[in-house]
Enquirer: 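Dropping a structure here in structure tokens format, bear with me for questions.
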Amino acid sequence: MKHQRRPCRWRHQRGATAVEFAIVFPLFFMIFYAIVSFGMIFVIQQSLTFAVSEGARAGLNYASSLGSDQSPCTSVPNPLMRTQNACNTTLNALGWLNSNSQLLSVTVKTKTCTDGSSSSTNCLTVTASYSPLQWLTMMPLAGQILNGPLTSSAVVQIPQSML
């Protein structure tokens, strides 16, 4: 069996694939990293938005359907159960973020607000804030872009007939 020799031009191409891979791989990795990092931030922001809207809707209920257990909610002193109901519903919707309660805070406030007409109504405001700075600051690029907590807020007007 006779050994075939490669043409001369192939000998000059040895290692070209490895060099091309070494040049292109960092670019592809940075794109993949950006998609995963910012995708996680967007998922957390969307979860906060969903949770506060569900909490605000739950605040319209009179009775607490979630029990009267103590929760880490901060609320303005209000004798109504609606603030606790809104807070518990928001925390339940954010259960997957609630592993470290120091990073997550939920605030429920009730105040009188005007809707543009002469009548005034009570408004229930639910605000959730999540500070992912512990894991985010360790990530290059994302730590410099997002330097504050992720926050979302929802407001519902409570008519006088429901009070």
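The basis for the numbers below is simple: all heavy atoms, side chains too, and nothing from hydrogens, waters or symmetry mates.
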Enquirer: Can you name the closest pair of heavy atoms from Ala154 and Val52 and give their distance?
Expert: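 Scanning both residues, the minimum pair turns out to be CB-O, 3.6 Å.
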Enquirer: Taking the inter-plane angle between the rings of Phe38 and Phe42 on a 0 to 90° scale, is it parallel (under 30°), tilted (30 to 60°) or perpendicular (over 60°)?
Expert: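 If you compare the ring of Phe38 with that of Phe42, the planes turn out tilted.
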Enquirer: Looking at every heavy atom in both Gly59 and Leu124, which two are closest together, and how far apart are they?
Expert: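 Heavy-atom minimum between the residues: CA-CD2, 3.5 Å.
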Enquirer: Would you give the length of the straight line joining atom CG of Leu104 to atom OH of Tyr130, rounded to the nearest 0.5 angstrom?
Expert: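 Nearest 0.5 Å value for the CG-OH distance: 8.0 Å.
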Enquirer: Of the non-hydrogen atoms in Gln157 and Leu60, which two are nearest, and what is the gap between them?
Expert: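 Shortest heavy-atom contact: O-CD2, 4.2 Å.
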Enquirer: Applying a strict under-4.5 Å side-chain criterion to I, L, V, M, F, W and Y, I'd like to know whether Trp96 and Leu91 cluster together.
Expert: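 Linked, Trp96 and Leu91 end up in one cluster.
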Enquirer: Please find the pair of heavy atoms, one from Gly55 and one from Ala86, that lie closest to each other, and give the distance.
Expert: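 Heavy atoms only, the tightest pair is O-CB, 3.1 Å.
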Enquirer: In Å and rounded to the nearest 0.5 Å, what is the CZ to CG distance from Arg57 to Asn85?
Expert: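 Result: 13.5 Å between the selected atoms.
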Enquirer: Which residues satisfy the side-chain contact (heavy atoms from CB on, under 4.5 Å) test with Ile31, sequence neighbours excluded?
Expert: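 Checked Ile31 against side-chain contact (heavy atoms from CB on, under 4.5 Å); matches are Leu27, Ile35.
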Enquirer: With heavy-atom distances below 4.5 Å as the criterion, would you say the side chains of Val36 and Phe32 are in contact?
Expert: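 Side chain of Val36 against side chain of Phe32, heavy atoms only: contact under 4.5 Å found.
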Enquirer: Walk me through whether Thr151 and Leu48 qualify under side-chain contact (heavy atoms from CB on, under 4.5 Å).
Expert: CA-CA 7 Å; Thr151 305; Leu48 289 173; 5.9 Å; no
Enquirer: With side-chain contact (heavy atoms from CB on, under 4.5 Å) as the criterion, how do Ser47 and Leu94 come out once you've worked through the C-alpha distance, each side chain's angles and the decisive distance to 0.1 Å?
Expert: CA-CA 7 Å; Ser47 294; Leu94 292 172; 4.1 Å; yes
Enquirer: Give the minimum heavy-atom separation between Thr110 and Thr83, together with the two atoms involved.
Expert: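 Answer, listing the atom of Thr110 first, then Thr83: OG1-CG2, 3.6 Å.
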Enquirer: At their closest point, which heavy atom of Ala128 faces which heavy atom of Thr90, and how far apart are they?
Expert: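 Closest pair (atom of Ala128, atom of Thr90, distance): CB-CG2, 4.4 Å.
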Enquirer: If two hydrophobic side chains count as joined below 4.5 Å and joins carry through other members, does Val106 share a cluster with Val155?
Expert: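 No: no chain of side-chain contacts under 4.5 Å links Val106 to Val155.
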Enquirer: Taking a hydrophobic cluster as the set of Ile, Leu, Val, Met, Phe, Trp and Tyr residues connected by side-chain heavy atoms closer than 4.5 Å, whether directly or through intermediates, do Met30 and Met40 fall within one such cluster?
Expert: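 No, separate clusters.
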Enquirer: Let's go through Ser152 and Thr49 carefully: what are the C-alpha distance in whole Å and the side-chain angles of both, what is the deciding distance for side-chain hydrogen bond (donor to acceptor under 3.5 Å, both in side chains) to 0.1 Å, and is it a yes or a no?
Expert: CA-CA 5 Å; Ser152 189; Thr49 303; 3.2 Å; yes
Enquirer: For Phe50, enumerate each residue passing the side-chain contact (heavy atoms from CB on, under 4.5 Å) test, keeping only those at least two apart in sequence or located in another chain.
Expert: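 For Phe50 the side-chain contact (heavy atoms from CB on, under 4.5 Å) partners, ignoring immediate neighbours, are Glu54, Ala93.
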